Amino acid sequence: MWRRSDDLVVQEFSVTDAGAGPYGITTGADGALWVTLVHSGEIARVTMEGAVDRYPAGSRPSIIVAGADEALWFTRSGDDHIGRITTDGALSAFELPSGSGPFGICAGPDEAMWFTEMNSGRIGRITLEGAVTHFDLPVAGAFPAMIVCGPDDALWFALNQANAIGRIDLDGKSTLYELPDPGAPVGITRGADDTMWFVDIAAGRVGNITQTGTIRMSPLPDPAAKPHAIAALPSGDCWFTEWGANRIGRISSDGTITEFDLATPESEPHGITVGPDGAVWTALETGAVARIAP
C-alpha cells in the first residue's frame with residue numbers, strides 16, 4: 001500500500017554552495033548535525049539554529065557516523081582513508097590499502113568502527129586507536145555499500161552488485177542472503193523491530209530482513225525512484241531518500257509507504273538520519289539539508 005502526501009511540512013536549509021555536494025549526514029554527540037561535502041572535500045557541522053562550520057576533510061568524504069568515542073568517523077572514498085573528526089573540529093585520518101574504496105561505516109558492538117570497501121570487496125574493522133583488520137567476502141565483485149550494527153551483535157551490510165544482504169560476526173565469519181529477485185541494495189538500517197531495513201536503488205524497493213534471513217520486499221510506485229539511504233525511528237517507521245524522484249519516503253512496519261515531495265526540483269537527496277530534535281533530516285546534494293517532522 002502506498003500514498004502521496006502533503007500532510008507534513010518539509011523545510012530546506014542552505015548549508016553550502018551547490019558545488020560542495022552534501023552527501024552523508026548524522027547526529028553528533030554535541031547535538032549538531034554533521035554532513036559530508038563529497039565534492040569540496042569537507043565536513044560541515046550544522047546546529048539546530050542554522051549555524052554552519054566547515055572543516056577540510058580529504059578526498060570525497062562519503063558516509064559519516066558517530067563513534068563510541070563521541071567523535072565522528074567517516075569514509076574517504078577518493079583517497080582510501082578512514083577519517084575521524086572531533087566535535088571541536090580536530091581531524092585525523094588512517095590510511096587503507098590503495099584501491100580499497102571505503103564507503104559505508106558504522107560503530108560496532110565492540111567499540112570499533114566497521115566499514116565496507118567497495119572496490120576490494122572486503123569488510124574492514126578499525127579500532128579507535130587506528131588498528132585495521134580486513135575480512136574477505138565469499139563472493140568477488142560484490143561492491144559492499146552501507147553497513148549497520150544489528151541487534152545480534154553482528155554487522156549487516158548491503159551488497160550492491162551481488163544482489164544480497166550480508167552479515168558478518170565479530171570473528172569475521174560472513175553469511176550472504178540473496179534477494180528474491182534482481183536488485184541492487186545500497187542503504188541499510190536497524191529497525192525498532194530488531195530487523196534490518198534496506199533500500200534497493202536499481203529496482204525501486206524497500207526491503208526487510210529478519211535475523212534468520214527471511215526477506216520481504218515492498219516496491220515503490222515509481223520503480224525509477226532510486227532509493228538510496230534509510231533511517232529508522234523509535235516509532236517503528238523507517239524513512240528513506242528517493243534520489244531519482246526528488247522525494248522522501250516513509251514505510252511503516254506493515255509495509256505501508258507514504259511519499260513526500262521536496263520543494264526544490266532535482267535536489268538529489270542522499271543521506272538521511274534522525275536529528276537531535278527527533279525530526280528526520282536529509283542531505284541534498286544541491287547544497288542544503290531538509291527537515292521533516294514525523
Side-chain angles (χ1 to χ4, degrees), residues 21-26 34-43 57-67 72-85 93-108 112-126 132-137 139-150 155-168 174 176 183-190 196-202 207 226-231 240-241 243 268-273 282-283 285:
Y23 190 83
I25 186 170
T26 196
W34 290 77
V35 184
T36 58
L37 307 180
V38 67
H39 299 314
S40 65
E42 297 172 289
I43 302 291
S59 181
R60 294 189 66 81
S62 299
I63 306 301
I64 185 167
V65 295
L72 291 304
W73 291 72
F74 57 96
T75 51
R76 285 173 23 185
S77 60
D79 62 0
D80 299 314
H81 281 72
I82 299 297
R84 176 185 182 272
I85 187 168
F94 306 93
E95 187 175 3
L96 301 175
S98 178
S100 297
F103 184 67
I105 189 168
C106 73
M113 306 302 295
W114 290 71
F115 58 94
T116 62
E117 297 181 358
M118 296 182 296
N119 297 340
S120 64
R122 299 182 299 195
I123 302 299
R125 176 185 183 271
I126 183 169
V132 178
T133 308
H134 300 279
F135 301 99
D136 291 324
L137 294 175
V139 58
F143 211 75
M146 297 187 198
I147 186 169
V148 70
C149 183
L155 294 305
W156 292 75
F157 49 93
L159 292 173
N160 182 258
Q161 295 299 303
N163 191 43
I165 300 299
R167 176 190 183 275
I168 188 168
S174 57
L176 306 188
V186 178
I188 189 168
T189 192
R190 172 182 171 177
M196 274 51 67
W197 291 78
F198 60 94
V199 286
D200 176 354
I201 196 170
K226 295 183 180 178
H228 181 261
I230 187 167
F240 54 93
T241 54
W243 171 51
E268 298 188 51
H270 283 291
I272 193 166
T273 193
T282 182
E285 196 171 345

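Here, residue 1 is the first one in the sequence, and each next residue gets the next number. This structure is a prediction, so every number in the text was calculated from the model and none was measured. Computed over heavy atoms, backbone and side chain alike; hydrogens, waters and symmetry mates excluded.
Separating the OG atom in Ser77 from the CG atom in Leu96 is a distance of 11.5 Å, to the nearest 0.5 Å. Between the CD1 atom in Ile63 and the OG1 atom in Thr116 there is a gap of 8.5 Å [rounded to 0.5 Å]. Arg84 CZ to Ile126 CD1: the interatomic distance, rounded to the nearest 0.5 Å, is 10.5 Å. Here Thr189 contributes atom OG1 and Ile230 contributes atom CD1; the two are 6.5 Å apart, rounded to the nearest 0.5 Å. Interatomic distance, Trp156 CH2 to Arg190 CZ, rounded to the nearest 0.5 Å: 11.5 Å.
A donor-acceptor pair shorter than 3.5 Å cannot be found between the side chains of Thr241 and Thr282.
Between Pro102 and Asp80 the shortest heavy-atom distance is CD-OD1, 3.6 Å. The shortest non-hydrogen separation linking Ala202 to Gly183 is CB-C, 4.3 Å. Counting all heavy atoms, side chain and backbone alike, Ser40 lies closest to Leu37 at OG-CB, 3.3 Å. Scanning both residues, Ala283 and Gly24, for their nearest heavy atoms gives CB-O, 4.4 Å. The shortest heavy-atom contact between Ala57 and Arg76 is O-CD, 3.0 Å. Minimum heavy-atom separation, Ser100 to Glu117: O-CB, 3.3 Å.
Side-chain contact between Leu159 and Leu176 is present, with heavy atoms from C-beta onward closer than 4.5 Å. Contact check for Ile43 versus Thr36: side-chain heavy atoms found under the 4.5 Å cut-off. Side-chain contact check for Tyr23 versus Phe74: every heavy-atom pair is 4.5 Å or farther apart. Counting only heavy atoms from C-beta outward, the side chains of Phe157 and Met146 never approach each other to under 4.5 Å. Contact annotation: the side chain of Phe198 never approaches that of Val186 to less than 4.5 Å [non-hydrogen atoms, C-beta and beyond]. Proximity of Ile82 to Met113: side-chain heavy atoms (C-beta onward) are nowhere separated by under 4.5 Å. Looking only at side-chain heavy atoms (C-beta outward), Pro97 and Arg122 come within less than 4.5 Å of each other. Looking at heavy atoms from C-beta onward, Ile123 lies out of side-chain contact with Ser174 at the 4.5 angstrom threshold.
Phe115 and His134 have perpendicular rings, their planes meeting at more than 60° on a 0 to 90° scale where under 30° would count as parallel. By the 30° and 60° cut-offs, the orientation of the rings of His228 relative to His270 is perpendicular.
A distance-only check finds no donor-acceptor pair linking the side chain of Ser62 to the backbone of Phe103 [under 3.5 Å]. With hydrogens and angles disregarded, a donor-acceptor distance shorter than 3.5 Å links the side chain of Asp200 to the backbone of Ala184.
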- Message: Please determine whether side-chain contact (heavy atoms from CB on, under 4.5 Å) holds for the pair Trp243 and Glu268, giving the CA-CA distance in whole Å, both sets of side-chain angles, and the decisive distance to 0.1 Å.
- Response: CA-CA 5 Å; Trp243 171 51; Glu268 298 188 51; 3.3 Å; yes
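Only one option out of Ile201, Ile165, Val199 pairs with Pro185 in a side chain to side chain contact (heavy atoms under 4.5 Å, CB included); it is Ile165.
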